[in-house]
Each structure stands twice: as C-alpha cells, then as structure tokens.
2 protein chains.
Amino acid sequence: MTDADQKSPGRPRSAKSHQAMLKATLDLLAEVGFATMSIEAIAARAGVGKTTIYRRYSSKEELVADAIESIREEVLLPDAGSLWADIDALIENAAQITLTPLGRQSVAMIIGSATSHPTFAQIYWTKYLEPRRQTFAAVIDRAKARDEVASDLDPGLVFDAMSGIMLYATIFPPAAETWQDYVRRALELILAPPSR
Amino acid sequence: MTDADQKSPGRPRSAKSHQAMLKATLDLLAEVGFATMSIEAIAARAGVGKTTIYRRYSSKEELVADAIESIREEVLLPDAGSLWADIDALIENAAQITLTPLGRQSVAMIIGSATSHPTFAQIYWTKYLEPRRQTFAAVIDRAKARDEVASDLDPGLVFDAMSGIMLYATIFPPAAETWQDYVRRALELILAPPSR
DNA sequence: AATTTACGATACCGTACCGTATCGAAATAG
DNA sequence: CTATTTCGATACGGTACGGTATCGTAAATT
C-alpha cells in the first residue's frame, strides 16, 4: 500500500492522527482492558475527533485488531553456539514482550473472545506465535546437527509446550523463582538436562 | 454456616433466590463474559429483584467470585493400574471442565484481572488447581513405586507444564488432533514415551 | 481559484446501567 | 396479632457511551 495517497482530490488522511489513535488504543488496552475502554476515551487521549476514528473503523474490534497488528517487533534468531544459550535468549525475549500490562491484557482479550471473535487469536498466531515457531524450529535443527537433542524431536510440539508454560507462568507467577528460570526448568524437563 | 437462619425475627433470606442468582451469574458469564454482563441482566434472568442482589453483594466481582466458588466438583483420583491410564483419566476430566464456554470465560476473566483483582486467580488456584496438583502428585508417586518414571521427578513442575499446555490448547485448538490427544502427546514428551 | 476531502470540536439523541428508594406482599419470631 | 425482615417490582436521577450530524477550518487536486 505504498500508493495509498493517490488519485483523490481532497485533503489526505492524516498519518499523524492515525498513529496517535493507534498509540492511544494500545495504551488504553494495557491500562483498562478491552471491554472497559471506550471509543470516546481513545479519541480524547489521542487528541482526535470521534469522527476521525469512525471514518476508519466501524467497530472497536477492528480498531484494536489493527492497533495490535501495527506493532512490528523483529523476531530474533539467536545463534549463541549452544542450544541452551539460544533458548535462554528466546526466553528472555519472550519475557520482555509478555510480562507487561499490554501483554497480559492482550492475552486476556484473545482468550475471552476466542470463541466469539476469533480475529484476535488469529492475529496473535500469525503475527507473534507463528514466526517464533519457525525460529524455534531453526534453533532445534541446529541442536540436532550438534547432537544436543534427539533427531526425531518434534520442534512444533516443544514450542507449543513452551508457550503454554509461559502463559501459565504469566497468570500464576512462580513464587520462589524468576519467570525465566521457571520456564527454563520446565523446558529442561522436556529437552533432557543441559550440559551439566 | 449451618446456623445461618437463626436469631433474627424477620423473614429469612430465600435460598432459592440465592441459588437462582448464582446460576444466572454463571450462565451469563459463560455467554457474554465478565465485563459485558450487568447486574440488571443477572437479576432479570434469575427472576430476582436487583435489591435482592445488592443486599448480598456489593460488587459484581464479589458476586462472580462467590458464584464460581459455589461450583463444587469432586476431584477424581484415578487408580487405573498404570501411569498412562491414570493420566488419560485426568486429561479427560480436565477436558470436560475446561472445554466449555464457562471454562473459557473464567480463564479469560482470571487473566484479565490477574494484576488488578488477584481474587479470581486465587480462587481458581485454591479451588481448582491446587487440589488437582495434589492428586497428580499422588499419581506420580504411585508411578515412581512402579518404576514408570524417574524417582527424582518433580510432580509439581510436571503438573504446571501440563496445565500450561492445556491452557494453550484451549486457546489455539490443535487442527489435526483431539485436545486430549494433543495434551497427551505433549505430556509424553515430558514423561518419556509410554509403554510402546 | 475552485473543488473536494479530512480535520477537530461540539452538539445531539438514544440507550444501557448503576445504585438507591419506595412499595405492598410474604415469611418468620415472639 | 405485632414487629421485623426479605421479597419482587417499579421508579428514579445520574452517568457514560454510542453513533450521527453539523460547523468552520485545513490541506490537498485540477
């Protein structure tokens, strides 16, 4: 869509306003959650007229979906030389994204609307999980080449299990341990112990 | 509280109405979710005056918390003779409770309010997870006695991992597999392969 | 310059709830 | 029977928000 502002004669839509409303949407999502936030509040915080929002989106779902989609994070592909060094990097990266109000509220929203509005779950899958699943498979492949794990290990299943544990640890934080350490320990259970 | 209806002279509170409002609360929670449901709607569905609700609860949180707490399910302790037979029973039991609108919405609510209102997470932990965690430990203990798993296996961690996978599979249902089969496969990853 | 479209602001009207109050009826204790 | 408390119902004022319309202004095309 690089040629978005073509043809039509009139004043073009303000990219600035558009960005402001996306930002306000994410902020409010993190602060009060999906159900509680109103279009009016978003408009007010973004310093934007309600009209301007309604002109682009016809529902809160649409707006929020687009706002979440607008977050572009690079998926890192660690290559630290050993499986567990790579995994630690992945865990740390996941922690930084997940352990925030925005992360929590997003997950809550996704689950709550998983049946009625599968949109959010799809976005989360496509934009967040799927790429990381690919990355993880690459990491496991290298580990297989180094004989660090069994050659018939199913990377997808391991990734899902890891994601599940992360989700669980986000809701019920471990008491005596870091989130990261806890996730790692669970993963050791799956992948057999690390070097020593 | 067996002596609840004592002393006071006037008309006692109706247990029937109380049950009706708890039922209506759970129904609506399953249908529309926590944030969307109103006290008025609960009263209407229960065939009860709003006053009757406000006399007992001062907030929606209180009401919902009590409604969820009122669900009494027996935690089953399977003893089918082998580890995997026991596990299959546990998985099936979890599936029946989790894979329902009420289960999904409860989880969503718990996560969404995990930081602001830890009440729900605590209830879920105390009433649901903790008992099952105990049960699971017993199952693992028996498996250890039968030499089916390593003697130093941490049952709590395995349980948490399993719960995490169940949670994950609830949000992102496996495409080519049953929820139960999928969870089982992940668990095999952790506990080493079953007999054959 | 004329036209077209978007902008922020504001004013609406309608609806849904909240939480309280009030009512007459019903249920209990003394 | 009397006092007390709860019951469902209804009414009420207040707030918040949805979604549309309107207005004068700004930014673009031709």
Side-chain angles (χ1 to χ4, degrees), chain A residues 1-25 27-29 31-67 105 109 113 116-117, chain B residues 1-25 27-29 31-67 109 112-113 116-117:
Chain A
M1 290 243 218
T2 45
D3 53 357
D5 48 350
Q6 301 281 11
K7 294 212 168 178
S8 1
R11 171 177 178 174
R13 294 195 174 170
S14 162
K16 198 170 184 174
S17 297
H18 199 213
Q19 262 197 291
M21 56 194 264
L22 292 181
K23 170 88 160 60
T25 301
D27 286 352
L28 279 174
L29 176 58
E31 284 177 29
V32 305
F34 177 76
T36 310
M37 81 185 164
S38 66
I39 302 276
E40 288 206 346
I42 296 170
R45 175 171 302 213
V48 155
K50 270 200 290 183
T51 319
T52 309
I53 293 182
Y54 280 113
R55 190 175 292 117
R56 298 161 207 246
Y57 305 99
S58 57
S59 71
K60 198 165 64 171
E61 280 81 4
E62 262 186 42
L63 169 56
V64 172
D66 197 46
Q105 289 293 353
M109 191 184 57
S113 54
S116 49
H117 300 281
Chain B
M1 287 249 219
T2 45
D3 53 357
D5 47 350
Q6 300 281 9
K7 293 208 169 178
S8 359
R11 172 177 177 172
R13 294 197 174 168
S14 160
K16 195 170 185 176
S17 297
H18 198 208
Q19 260 198 291
M21 58 194 265
L22 292 182
K23 170 85 160 62
T25 302
D27 286 353
L28 278 174
L29 176 59
E31 283 177 29
V32 304
F34 177 77
T36 309
M37 81 184 162
S38 66
I39 302 277
E40 288 205 346
I42 295 170
R45 175 172 302 215
V48 155
K50 270 200 290 183
T51 320
T52 310
I53 293 181
Y54 279 114
R55 192 175 290 121
R56 296 160 210 246
Y57 304 98
S58 58
S59 71
K60 199 166 63 171
E61 280 80 6
E62 262 185 43
L63 169 56
V64 172
D66 197 46
M109 190 184 58
S113 55
S116 50
H117 300 282

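First the proteins, then the strands, lettered A, B, ... as listed; each starts at 1.
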Rounded distance in Å - NE2 (A:H18) to C1' (C:dG8)
16 Å

Check: B:R11 side chain, D:dT6 base, donor-acceptor under 3.5 Å
yes

Can you find a donor-acceptor N/O pair under 3.5 angstrom joining the side chain of A:S14 to the base of D:dA27?
no

Looking at C:dC18, D:dA27, C:dA27, which one has an atom nearest to any side-chain atom of A:P12?
D:dA27

Quick check: closest heavy atoms across A:Q105 and B:G112, and the distance to 0.1 Å?
NE2-O, 3.4 Å

Where the side chain of A:K50 is defined as all heavy atoms beyond and including C-beta, which of C:dC17, C:dA6, D:dG18 is the nearest nucleotide?
D:dG18

Between C:dA27, D:dA27, C:dT10, which nucleotide has the shortest distance from any of its atoms to the side chain of A:T51?
C:dT10

Any side-chain heavy atom of B:H18 sitting closer than 4.5 Å to one from B:D66?
yes

Spacing of A:M21 atom CE relative to C:dC7 atom P, expressed in whole Å:
9 Å

Can you check the B:I42 CD1 to C:dA16 C1' distance for me, whole Å?
15 Å

From D:dT4, D:dG18, D:dT25, pick the nucleotide closest to the side chain of A:I39?
D:dG18

Atom CD1 of A:I53 to atom C1' of D:dT20: distance rounded to whole Å?
15 Å

How many Å lie between CZ on B:R45 and P on C:dC17, as a whole number?
13 Å

Taking all heavy atoms of A:T52 and all of A:R56, pick out the closest pair and write down the distance.
O-NE, 3.2 Å

Is any side-chain N or O of B:T52 closer than 4.0 Å to OP1 or OP2 of D:dG8?
yes

Nearest-angstrom distance from the residue atom NZ of A:K16 to C1' of D:dA27:
14 Å

Minimum heavy-atom separation for A:M37 to A:L29, with atom names?
SD-N, 3.6 Å

Assuming nearest nucleotide by heavy-atom distance, tell me which of A:E40 and A:V48 is located more 5' along DNA chain C.
A:V48

A:Y54 OH to C:dG8 C1': how many Å, rounded?
16 Å

DNA chain D: 5'-proximal contact among A:S59 and B:R55 (nearest heavy atom):
B:R55

Could you walk me through whether B:Q19 and B:K16 pass the side-chain contact (heavy atoms from CB on, under 4.5 Å) test, one step at a time?
CA-CA 5 Å; B:Q19 260 198 291; B:K16 195 170 185 176; over 6 Å; no

Would you say C:dG8 has OP1 or OP2 under 4.0 Å from some side-chain N or O of A:S17?
yes

If you compare every side-chain N and O of B:R13 against the phosphate oxygens of D:dT6 (OP1, OP2), does one of them come in below 4.0 Å?
yes

